[in-house]
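Read the structure below first, then the notes.
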Amino acid sequence: MIALVDCNNFYVSCERVFDPRLEGRPVGVLSNNDGCVVARSNELKALGVAMGAPMHLLPPAIRRQAVLLSSNYALYGDMSRRVNLILEAFSPDVEVYSIDESFVGFSGFAVDGREAHAQRLRETVRRDTGIPVCVGLAPTRVLAKVANHLAKKQAAYQGVCLLEADAPATRARLERLPVSELWGVARRSAERLALMEIHTAWQLRQADPKQVRRHFSVVLERIVWELRGRPAIRLDDLHEPRQRIMVSRSFGRLTGAFPDLQEAVRQHAARAAEKLRDQGSQARALMVFVRSNPHLAGERQYRNSVVVPLPAPSDDSRELLAAAARGLAAIFLAGVRYQKCGVMLLDLVEADRRQLSLLAPCSEAARGRSQRLMATVDRLNREMGRDTVRFGLPRQGSAWALRCERRTSRYTTRWDELMRVKIR
DNA sequence: TCTGGGGTCCTAGGACCC
DNA sequence: TCTGGGGTCCTAGGACCC
């Protein structure tokens, strides 16, 4: 039995913990650059605001009524960590799936004690962090997702829903669930399933797995097995390092100036290099991309990317920044107003299993110096705050700087912001 | 004026091998 | 007239997730 613990309207709930005046009001949290609505309170959903709605297209009446906040990832990340600490006290088997969801192993409990245990978990998280969560219990992950969905939608469940694979009640629930609401089935697959007269989760469960695999993919076949109660989806081992690392941002405003892009690409490469060292990897290649704003008709459109191989695997910020700069120079086109750029580190290898290059031999002494330098930079930034040491100084107010005009305080990670009072 | 930022897995098809 | 039958590896792009 697996429990899916999902925080309700997570970003909004985090904001409410530190500003109870937001309770009962329509609240939204915005993406970077205050671009889109990425989290909504129930009150905001009730006003008809869709997930991902562009902020500047919201009706004025809604903008007046709602509290719309910039995202505060330092706060959400720390609150997420606190929630997971509590989950770990309830089960030795916690798989963090995203910032607001975790799968929790629930095997080993007496059959009639599972729901009560889930209720206790829910109450403890609420009491100790202030975050409301719902729990879906089922034998597979896909069914646990369905159970969680029900627990959120129907108050009668009081936040905990258990689905057995073969119970008549489960059949009734699946018959009423559109296939597109299943985890792993989105618009494209739903459209193609509809052509085969498969509209509900129950109909998909009844489909022949082999046929499904032939017409769609092994991914959808696994969903069929999971709906039948047979586990077929394993999560990646979370301790596995990432296979690629990406850092990209939209600019605060469009810019066609090469120095602006240079500066942004350098910042992204430096941040990516920190993430790379943090997971103990090195990159064998790096990708740089730039693009104009595809939403603007009449604007000259351009997008391009280039992969820059590195002579030897590296996690040295200086080498990665230099490679990124070369990549940018190769794809920059004058006369375009750019909206976004980014850097992706590719072909990652574990630092201690790195293969040395025959073509670019590098003395062990030089490697050692590089490693000590990077470790020192990372330590200073960790202990004294991000960007205490950085590679080159960005100018103030550059075009690519993010807009985030409505961010709340980083209450749990910054002493200097803890007491900052905001009057609304 | 203004539309996010990450990730994963799978498949098809090309290039190449014998 | 008529030109095989497997493999592997890599990459780009699709689809999906939060």
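Chain letters run A, B, ... following the sequence lines, proteins first, then strands; residues in each count from 1.
- At least one side-chain heavy atom of A/E15 sits less than 4.5 Å from a side-chain heavy atom of A/T408.
- When rounded to the nearest whole Å, the span between CZ of A/R249 and C1' of B/dG5 equals 7 Å.
- Going from atom CG of A/L220 over to atom P of C/dA15 covers 13 Å, rounded to whole Å.
- For the pair A/R141 and A/F103, the cation-pi test (distance below 6.0 Å, angle within 45°) is passed.
- Within 4.0 Å of A/N33, counting heavy atoms only, lies no atom of the nucleic acid at all.
- Atom-to-atom, CZ of A/R407 to C1' of B/dG4 comes out at 16 Å; the value is rounded to the nearest Å.
- Heavy-atom nearest nucleotides on DNA chain B were determined for A/N32 and for A/R244, and the one closer to the 5' end corresponds to A/N32.
- The side-chain tip of A/R222 does not point at the ring of A/W225 from less than 6.0 angstrom away and within 45° of straight on.
- Phosphate contact (OP1/OP2 of B/dC2, side-chain N/O of A/N293, threshold under 4.0 Å): absent.
- Rounded to whole angstrom, the span from the CD atom of A/E299 across to the P atom of B/dC2 amounts to 9 Å.
- Counted by atom type alone, A/Q267 and A/R390 present one or more donor-acceptor pairs between their side chains at under 3.5 Å.
- Residue A/R213 is classed as having no contact, given no heavy-atom separation below 4.0 Å to the nucleic acid.
- If you measure from atom CZ of A/R303 to atom P of C/dG13, you get 10 Å, rounded to the nearest angstrom.
- For A/M246, taking side-chain heavy atoms from C-beta onward, the closest of the listed nucleotides B/dG6, B/dG4, C/dC18 is B/dG6.
- A/S189 comes within contact range of the sugar-phosphate backbone alone, with a heavy-atom separation under 4.0 Å but no base atom that close.
- In this structure, A/N293 and A/R337 have side chains that are not in contact, with every pair of non-hydrogen atoms separated by 4.5 Å or more.
- Among the heavy atoms of the strands, none lies under 4.0 Å from A/D34.
- In terms of modelled atom types and a separation under 3.5 Å, the side chain of A/N33 and the main chain of A/S250 share a donor-acceptor contact.
- With contacts defined as side-chain heavy-atom distances shorter than 4.5 Å, the pair A/F289/A/V343 does not qualify.
- Contacts of A/I245 with the nucleic acid, taken as non-hydrogen atoms under 4.0 Å apart, involve only primed sugar atoms and P, OP1 or OP2.
- Of the two residues contacting DNA chain B, namely A/K275 and A/Q243, the nearest-nucleotide position lying further toward the 5' end is that of A/K275.
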Notebook entry, point to check: So what's the dot-bracket for DNA chain C: Watson-Crick or G-U pairs under 3.5 Å, [ ] if a pair crosses, | if it pairs off-strand?
Noted result: ....||||||||||||||

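- We find that A/D78 and A/R81 are joined by a salt bridge, their nearest charged nitrogen and carboxylate oxygen being less than 4.0 Å apart.
- Rounded to an integer number of Å, the gap from A/R406 CZ to B/dC2 P is 16 Å.
- Remark: P of B/dT11 and CZ of A/R192 are 12 Å apart, rounded to the nearest angstrom.
- We find that CG of A/L254 is positioned 7 Å from P of B/dT3, with the value rounded to whole Å.
- The side chain of A/R188 lies closest to C/dA15 when the candidates are C/dA15, B/dG7, B/dG4.
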